[in-house]
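Numbered from 1 within each chain, the chains take letters A, B, ... in sequence-line order.
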There are 2 protein chains.
Amino acid sequence: MGVVRKTKSVKLLLEEFEKSSSAISVITLIERLDSEMNKTTIYRALDKLEDDGVLHSFLGKNGHKWYAKCNNCSAHHHHDVHPHFQCVDCGKVDCLSETVVIPEIPNRKVHFSQVLLQGTCEQCFN
Amino acid sequence: MGVVRKTKSVKLLLEEFEKSSSAISVITLIERLDSEMNKTTIYRALDKLEDDGVLHSFLGKNGHKWYAKCNNCSAHHHHDVHPHFQCVDCGKVDCLSETVVIPEIPNRKVHFSQVLLQGTCEQCFN
DNA sequence: CCTATATTTGCAACTAAGTTGCGTTAGCAA
DNA sequence: TTGCTAACGCAACTTAGTTGCAAATATAGG
C-alpha cells in the first residue's frame with residue numbers, strides 16, 4: 001500500500017530485474033547483492049515491490065521463492081494464470097505468456113492458482 | 001526401487017492416509033506421530049513410499065511438502081496432471097480429479113507440471 | 001525355527017530459507 | 001534545513017528438511 005521510496009536498495013534490486021528478463025530467486029539475489037545490502041532488506045524490499053504490483057512472486061521447484069517483473073499484470077490483482085517454466089538442467093525460470101485454463105471445480109471457489117512447469121529449456125536442449 | 005518393508009513405521013504412516021482421503025502435510029504427520037516415530041524416519045519412509053508409487057508428493061502454498069495416496073497414478077510415472085486444491089481458510093488439501101490441460105510451449109519440453117489451486121472449500125463456504 | 005545380511009530406525013547435530021526486534025540511517029515533504 | 005516516517009543493518013531466532021553413524025529389525029536362506 002505504502003509508496004515505494006526510491007532508496008539505493010530498491011534501485012539495485014530493480015536493476016537486476018531490468019538486466020535479465022527471467023525470474024530471479026531470492027537466494028540468487030542475496031548472493032549477487034551480498035556486498036551491497038543485507039538479506040533482511042532484500043526480503044522486505046521484494047515484499048514491498050510485490051505489494052505495489054511491480055513484481056510478482058511464486059515458488060520454484062524446491063519451494064524457494066522467485067520474483068519476476070510484472071508485465072501485463074495489474075497492480076494488486078495478479079489474477080492472471082500465466083505459468084512459470086523452470087528448466088531442470090540450468091534452473092532458469094521464465095514467465096510464459098501461454099494461458100492455462102483452470103476448469104470450474106464443483107463445490108469449491110478458486111481464488112488463485114499457480115502453475116509450475118518443469119522441463120528442458122531451449123538453451124539446454126541438445 | 002527397493003521393495004518397501006512392512007515395518008511398524010510404514011504401517012502407521014499408511015494408516016494415516018487410510019483414515020483421511022485428503023492429502024497430509026509432512027508437518028502434520030510429524031505432529032501426529034511424534035510419540036510413535038522420529039521425524040527423520042517419517043521423511044525417509046515417505047520418500048520410499050513415493051519412489052514405490054504408493055504416495056505422491058507436491059508443495060503446498062508455503063512451499064511445504066504434502067503427500068497423498070496415489071489412486072489412478074501408475075507407480076514410477078506420475079505424469080497425470082491432476083491439480084491440488086488448498087483451502088485458504090482451513091488449510092485442507094485435496095487431489096482433484098479434473099484434468100488441467102497444459103498447452104504446448106514452443107522451444108521447451110515440459111516433463112512435469114504442478115498445479116496448485118487455492119480458494120475456499122465446501123465446508124468453509126459461508 | 002535360526003542365523004546372516006541388508007534395510008530401517010533413532011538420535012543428535014547440522015543446513016539453510018525466511019523472520020523478528022530494535023536501534024540507527026536516510027528519503028521526502030514542508 | 002528540519003523533522004517525521006519509512007527503510008536499513010545486524011544479530012539472534014525459527015523451522016523444514018538433511019546427514020552420519022551406531023543400534024535395531026525385517027526378510028531370505030538354510
Side-chain angles (χ1 to χ4, degrees), chain A residues 1-17 23-68 75 84 86 91 93 114 116, chain B residues 1-17 23-68 75 84 86 91 93 114 116:
Chain A
M1 299 296 181
V3 180
V4 172
R5 289 194 180 178
K6 299 227 174 60
T7 63
K8 189 184 142 211
S9 306
V10 168
K11 278 181 208 158
L12 284 168
L13 277 169
L14 290 180
E15 271 174 33
E16 291 298 318
F17 287 97
I24 316 178
S25 72
V26 178
I27 297 172
T28 302
L29 286 168
I30 291 173
E31 276 172 19
R32 279 197 209 159
L33 300 171
D34 186 42
S35 54
E36 333 268 344
M37 55 200 287
N38 190 272
K39 69 170 178 171
T40 310
T41 305
I42 294 179
Y43 278 110
R44 289 195 274 225
L46 291 171
D47 216 52
K48 211 107 219 284
L49 289 166
E50 184 174 24
D51 262 14
D52 283 32
V54 181
L55 301 176
H56 66 276
S57 76
F58 55 93
L59 300 177
K61 64 182 156 101
N62 303 118
H64 295 161
K65 211 162 187 181
W66 288 70
Y67 283 86
H84 294 101
Q86 181 157 32
V93 179
Q114 184 175 346
L116 180 66
Chain B
M1 302 297 180
V3 179
V4 172
R5 290 193 180 180
K6 300 226 173 61
T7 63
K8 188 184 144 213
S9 307
V10 168
K11 277 181 208 159
L12 284 169
L13 278 168
L14 290 180
E15 270 174 33
E16 291 299 317
F17 287 96
I24 315 178
S25 72
V26 178
I27 297 172
T28 302
L29 286 169
I30 291 173
E31 275 171 20
R32 279 197 208 158
L33 300 172
D34 185 44
S35 54
E36 333 268 343
M37 55 199 288
N38 191 273
K39 68 169 179 172
T40 309
T41 305
I42 294 179
Y43 279 109
R44 288 194 275 224
L46 290 171
D47 216 53
K48 211 106 219 282
L49 288 167
E50 185 174 22
D51 263 14
D52 283 32
V54 180
L55 301 175
H56 66 275
S57 75
F58 56 93
L59 300 177
K61 64 181 156 100
N62 303 119
H64 295 160
K65 211 162 187 181
W66 289 69
Y67 282 87
H84 294 100
Q86 181 157 31
V93 179
Q114 184 175 346
L116 180 66

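One can place CH2 of W66(A) at 12 Å from P of dG18(C), the figure rounded to the nearest angstrom. The distance between atom CG of D34(B) and atom P of dT15(D), rounded to the nearest whole Å, is 14 Å. Distance L29(B) CG to dA16(D) P: 13 Å, rounded to the nearest Å. Rounded to whole angstrom, the span from the NE2 atom of H64(A) across to the C1' atom of dA16(D) amounts to 10 Å. We find that CG of D47(B) is positioned 10 Å from P of dT19(D), with the value rounded to whole Å. Between I42(B) atom CD1 and dT8(C) atom C1' the separation is 14 Å, expressed in whole Å. Remark: P of dG9(D) and CD of E36(A) are 11 Å apart, rounded to the nearest angstrom. Computed from coordinates, the E31(B) CD to dT15(D) P distance equals 11 Å when rounded to whole Å.
Of the listed nucleotides (dG18(C), dC10(D), dG17(D)), dG18(C) has the atom at the smallest distance from the side chain of I27(A). The side chain of Y43(B) has dG17(D) as its nearest neighbour among dC11(C), dC8(D), dG17(D). Of the candidates dT8(C), dG18(C), dA6(D), dT8(C) carries the atom nearest the R5(B) side chain, counting heavy atoms from C-beta on.
For dG10(C), the base has a donor-acceptor partner in the side chain of R44(B) [N/O atoms by modelled type, under 3.5 angstrom].
Here K6(A) does not reach the OP1 or OP2 of dC28(C): none of its side-chain N or O atoms lies under 4.0 Å away. Here T7(A) does not reach the OP1 or OP2 of dG27(C): none of its side-chain N or O atoms lies under 4.0 Å away. When the side-chain nitrogen and oxygen atoms of K48(A) are compared with OP1 and OP2 of dA7(D), one or more of them lie within a distance under 4.0 Å.
Ranked by how close their nearest DNA chain C nucleotide is to the 5' end, S9(B) and K39(A) are led by S9(B). Mapping K8(B) and L59(B) onto DNA chain D via the closest heavy atom, the residue that lands nearer the 5' end is L59(B).
Under a 3.5 Å cut-off, the side chain of E50(B) and the backbone N or O of S57(B) do form a donor-acceptor pair. A donor-acceptor pair under 3.5 Å is formed between the side chain of N38(A) and the backbone N or O of T40(A).
When every heavy atom of V10(B) is checked against every heavy atom of R5(B), the shortest pair comes out as CG2-O, 3.7 Å. A pairwise comparison of heavy atoms in G60(B) and W66(B) identifies N-CD1, 3.5 Å as the closest pair.
Annotation: the span from L59(A) atom CG to Q86(A) atom CD amounts to 10.5 Å, rounded to 0.5 Å.
Note on I30(B): nothing from the nucleic acid sits closer than 4.0 angstrom, heavy atoms only.
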